[in-house]
Number of protein chains: 2
Amino acid sequence: MPDTPDMAFVAGAIADPTRGRMLMSLMRGQALTATELALDGGVTASTASSHLGRLMDAGLVSVTRQGRHRYFRIARPEVAEMLEGMANLASSSGSRITTGPRDPALRHARVCYDHLAGETAVRLLVRLREHELLIGDEDSLALSPRGETWAAALGIDLPALRTRRRILCRPCLDWSERRSHLAGSLGAAILERMVALRYVRRTSGRAIAFSENGARLIDRPDTFIRDKLVCRAV
Amino acid sequence: MPDTPDMAFVAGAIADPTRGRMLMSLMRGQALTATELALDGGVTASTASSHLGRLMDAGLVSVTRQGRHRYFRIARPEVAEMLEGMANLASSSGSRITTGPRDPALRHARVCYDHLAGETAVRLLVRLREHELLIGDEDSLALSPRGETWAAALGIDLPALRTRRRILCRPCLDWSERRSHLAGSLGAAILERMVALRYVRRTSGRAIAFSENGARLIDRPDTFIRDKLVCRAV
DNA sequence: ACCATGCTTCGGTTACCATCGAAGTATGCC
DNA sequence: GGCATACTTCGATGGTAACCGAAGCATGGT
């Protein structure tokens, strides 16, 4: 366990309502400009600039410059995971009222940093386990050999994922559904491939919409991919 | 993702060096009195009392009264996991110098909230995977059928563990070794059993010492348990 | 060159928080 | 009952941080 001063410093970066709102906006997985973050945070540009400096000092966000625009992102997946953990904790410490987004579209499907969240994401995990593409309990997941074939067929480079020091199959508690969906590097890769294949697209804001193929992949991940392979073989 | 004010409030509870030190002391897994925490935090009793109130308000610690003593603990395993994540993040954001405890005894074996940490804990995970008691990558673990038998033989009630909403096999980055050891409800249960069997005992502070049986369990988890079973069958 | 836009820096104001000593309350021991 | 210990509450003090408007700098468009 490392030094506490550093931990308090990192926690301090999160411990302000304005910076918290900024981080939540960034947790949608998209880069945002300083002006956008000022709006989301509800402060002026000068205040936002100061806050963004604090977040960068703490290593929570990184910046890319493009002309006069400054684009900010969550710095690393580990940051997103820690923020998820803290947000879940914060939520569960309070009342028992329904938590998570109120907007039905967001409850249905949204992005949680870099992977699918919402009802459809929970259902996808259920289906993957029913088809024995993922094995183990909901709290202890691993890809089966069949799952490896499935992921490769979807176009996911598993060896590349495994070179990264990041959990492959990480259950993430979906607070709106109070069940888990799939996070980790595999969860991120699945979303990435679905975007690339145009099986999903972002609607305004944070919700996600599925194409017909995307909906079928969610519902019948095994047979959907098998049908695709058969079509290619013919 | 829940509301940001709650997250900022929780982060704010951690965002003070004194409270950070208190939390780190509690991360050793033992209950501590207010006076002990005042000493560890380096403040007077009145300051400590105020800080402990803040930590309780945030749901990070809980208190048990026994006569005039107040015993504080980390409130829930989820809190410990979030603190681990944040501490690891804080450490990795900085320099590349060697992190983790300097004390060789602590590097060798210590408790990280409720499970074994240190060189021996990393070695145990390696051995469990070599013997195919745990399968999957270091970043994606699950118990094998052989592993289920092994855990039951050690005296671990797996069905009971599985009723809990908590990850069974969770890799936890051991910062002193920069490799993973086993956390999660199984990691906690293994330590609990080893304590009950007197295979390990706490030394002063945070380090842990192994009995001969404990050392053999770490080195040869499979054959050690098999030998034990054979002895019982004779 | 001029103007607009995005963003940063500066300086001032206000509110909040961490600290402690003193006093108070509850518990335990003799 | 008296004293010691553990801990909490109160009030005062000092320091820090969040906020903003104004000014300044860099980039882009005409």
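What's counted below: heavy atoms across the whole structure, side chains too, no hydrogens, waters or symmetry copies.
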**Student:** Base, sugar-phosphate alone, or nothing: which one does A:Ala34 contact when heavy atoms must sit under 4.0 Å apart?
**Tutor:**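 Sugar-phosphate, no base atom in range.
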**Student:** Go along nucleotides 11-30 of chain D 5' to 3' and tag each nucleotide: B for a protein heavy atom under 4.0 Å from its base, S when only backbone or sugar atoms are that close, - otherwise.
**Tutor:** -------SSBB-----BS--
**Student:** Donor-acceptor pairs under 3.5 angstrom involving side-chain atoms of residues 209-216 of chain A: please list them, not counting sequence neighbours.
**Tutor:**
| unit_1 | atom_1 | unit_2 | atom_2 | d |
| --- | --- | --- | --- | --- |
| A:Ser211 | OG | A:Tyr199 | O | 3.3 |
| A:Ser211 | OG | A:Asn213 | N | 3.4 |
| A:Ser211 | OG | A:Gly214 | N | 3.0 |
| A:Asn213 | OD1 | A:Arg216 | NH1 | 3.3 |

**Student:** Compute the bend angle of the helix from C:dA1-D:dT30 to C:dC30-D:dG1 from the end axes (five pairs per end), rounded to 10°.
**Tutor:**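 End-to-end axis angle for the helix from C:dA1-D:dT30 to C:dC30-D:dG1: 30°, rounded to 10°.
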**Student:** Evaluate side-chain contact (heavy atoms from CB on, under 4.5 Å) for B:Asp6 paired with A:Leu89, printing each intermediate quantity in order.
**Tutor:** CA-CA 9 Å; B:Asp6 281 344; A:Leu89 203 63; over 6 Å; no
**Student:** Applying side chain to side chain contact (heavy atoms under 4.5 Å, CB included), can you list everything that pairs with A:Thr35, at least two apart in sequence or on another chain?
**Tutor:**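 Partners of A:Thr35 under the side chain to side chain contact (heavy atoms under 4.5 Å, CB included) test: A:Thr33.
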**Student:** Please check this pair: side chain of B:Arg73 against backbone of B:Ser62, looking for a donor-acceptor N/O pair closer than 3.5 Å.
**Tutor:**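 No; judged by distance alone, with no hydrogens or angles, the pair does not exist.
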**Student:** Run the numbers on B:Thr44 and B:Thr47 for side chain to side chain donor-acceptor pair (under 3.5 Å), then give the verdict.
**Tutor:** CA-CA 5 Å; B:Thr44 65; B:Thr47 303; 3.3 Å; yes
**Student:** So A:Met82 and A:Leu60, do their side chains get closer than 4.5 Å, heavy atoms only?
**Tutor:**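 Touching, per the 4.5 Å side-chain cut-off.
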**Student:** Please determine if A:Glu84 and A:Arg170 form a salt bridge, counting it only when a charged side-chain N lies under 4.0 Å from a carboxylate O.
**Tutor:**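 Looking at A:Arg170 together with A:Glu84, the answer is yes, because their closest N to O distance falls below 4.0 Å.
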**Student:** On DNA chain C, reading 5' to 3', which nucleotide is the first and which the last to sit with an atom under 4.0 Å from a heavy atom of chain B, could you check?
**Tutor:**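 Answer, 5' to 3': C:dA18 to C:dG28.
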**Student:** Taking side chain to side chain contact (heavy atoms under 4.5 Å, CB included) as the test, write out the residues that go with B:Thr18, two or more places apart.
**Tutor:**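 Side chain to side chain contact (heavy atoms under 4.5 Å, CB included) check on B:Thr18 returns B:Asp16, B:Arg21, B:Met22, B:Val43, B:His51.
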**Student:** Could you walk me through whether A:His115 and A:Leu186 pass the side-chain contact (heavy atoms from CB on, under 4.5 Å) test, one step at a time?
**Tutor:** CA-CA 9 Å; A:His115 57 271; A:Leu186 181 61; over 6 Å; no
